[in-house]
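A short worksheet on the structure shown next.
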Amino acid sequence: MAAPEAELVLKWEREQALLRESVKEEDTEDWQRSPDFNGLERVGGVDLSFIKGDDINACAHLVVLTYPQMKVLYEDCKMVTLNAPYMAGFLGFREAPPLLQALENLKNVQPHLMPQVLFVDGNGLFHYREFGLACHLGVLSDLPCVGVAKNLLHVEGVVRSEEHQSQINALKKSGDSFPLTTASGRVLGKALRSSQSSIKPVYVSVGHRITLDTAVRLTHTCCLYRVPEPIRQDLRVFWGPGEVLTSPDICAFFSCL
DNA sequence: GCGACAG
DNA sequence: ATCTTGTCGC
């Protein structure tokens, strides 16, 4: 028998190729066509947080914010145990199941708060096989999804080169972006300067049911700081200062149930 | 051949 | 992913 891990990788690659066929790269919602996103009222964000030294237990976050005010409508935080290890290119198999669970839970308890679009911490089509976590979640939930990565994944010739760095240096103001073009000439994402105060871009790509240009425009409007507010709220809930009851407490509470 | 490589 | 302190500027 071949190495179990190699078998698993092959199986995962086949599954990604199959699910890739279901990704919709078009704007399927009316609000996506509107210059000011008229009709968009709820934006969501999902993320997993880890504690130092433990990479199998995590806190799965889902927040829903009002648009365009970015006020919290809903937040959920639950301790989960992950089954798959982290492997670049296969994030979906590790993180999608608990995040889908959180969406399922929202549908059961507060269906009217279901977000109209979901920001995902990681890439969408900007991926080795054009099927990153944001596509994975998009296809399996059928929600419009936007992938926002905070670091560059090296995809088909797109690397942290001097050329890439000079393109970053050319992003002068918030909203400026440049395409991430593959060796084969396909634009799989865009590097976006999302705030005036940070020169480091975020890497935006299509997850599902949205075009790249709409995804970039929407991401820009959801950024008060470098990271889009729905994702930043996820991170803040866990690590941020200020609350009387911190999120680790909340997670500890839930894990005892 | 080896290393790079979202979270 | 995870952490933490200081430091600078408005």
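Quick caveat: nothing in here was measured; it's all calculated off a predicted structure. Only heavy atoms go into these numbers, but all of them, side chains included; no hydrogens, no water, no symmetry mates. To find a chain, count down the sequence lines: A is the first, B the second, and so on, and within it residues start at 1.
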Going 5' to 3' along nucleotides 4-10 of chain C, which nucleotides have protein heavy atoms under 4.0 Å from the base (write B), which only from the sugar-phosphate (write S), and which from neither (write -)? -------

Under 4.0 Å protein heavy-atom contact, by nucleotide of nucleotides 1-7 of chain B - B base, S sugar-phosphate only: ---SBBB

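By the salt bridge (Lys or Arg N to Asp or Glu O under 4.0 Å) test, A:Asp30 is found to be paired with no residue, residues two or more places apart in sequence or in another chain being considered. Applying the salt bridge (Lys or Arg N to Asp or Glu O under 4.0 Å) test to A:Arg33 and every residue at least two apart in sequence or in another chain returns nothing. With sequence neighbours left out, A:Arg217 forms a salt bridge (Lys or Arg N to Asp or Glu O under 4.0 Å) with no residue at all. In this structure A:Leu106 satisfies the side-chain contact (heavy atoms from CB on, under 4.5 Å) test together with A:Leu62, A:Val64, A:Tyr74, A:Gln110, A:Leu113, A:Met114, A:Pro115, sequence neighbours excluded. By the salt bridge (Lys or Arg N to Asp or Glu O under 4.0 Å) test, A:Lys107 is found to be paired with A:Glu104, residues two or more places apart in sequence or in another chain being considered.
Scanning both residues, A:Thr211 and A:Glu25, for their nearest heavy atoms gives CG2-O, 3.4 Å.
For the segment residues 189-205 of chain A, the set of residues with a heavy atom within less than 4.0 Å of an atom of DNA chain B is empty.
Proximity of A:Val117 to A:Tyr67: side-chain heavy atoms (C-beta onward) are nowhere separated by under 4.5 Å. The shortest side-chain heavy-atom distance between A:Pro144 and A:Glu29 falls under the 4.5 Å cut-off. Under the 4.5 Å side-chain criterion, counting only non-hydrogen atoms from C-beta, A:Asp121 is not in contact with A:Val148. Residues A:Leu100 and A:Ser141 have side chains in contact (heavy-atom distance under 4.5 Å, counting atoms from C-beta outward).
No side-chain donor from either of A:Ser194 and A:His220 sits under 3.5 Å from a side-chain acceptor of the other. In the model, A:His208 has a side-chain atom that pairs as donor or acceptor with a side-chain atom of A:Asp142 under 3.5 Å. Of the N and O atoms on the side chains of A:Asp54 and A:Asn57, at least one donor lies less than 3.5 Å from an acceptor on the other residue.
Hydrophobic cluster membership for A:Ile168: A:Phe126, A:Tyr128, A:Leu152, A:Leu153, A:Val155, A:Val158, A:Leu171, A:Phe178, A:Leu180, A:Leu188, A:Ile199, A:Tyr203 (Ile, Leu, Val, Met, Phe, Trp, Tyr linked by side-chain heavy atoms under 4.5 Å, directly or transitively).
Stem regions annotated for DNA chain B: none, counting only runs of 3 or more consecutive pairs of Watson-Crick or G-U type with both contacts under 3.5 Å. Stem regions for DNA chain C, meaning three or more consecutive Watson-Crick or G-U pairs with both distances under 3.5 Å, do not exist: the list is none.
Sorted by first and then second residue, the pairs that involve residues 132-153 of chain A and meet ring pair (Phe, Tyr, Trp, His ring centres under 6.0 Å), not counting sequence neighbours, are A:Phe93-A:His136, A:Phe131-A:His136.
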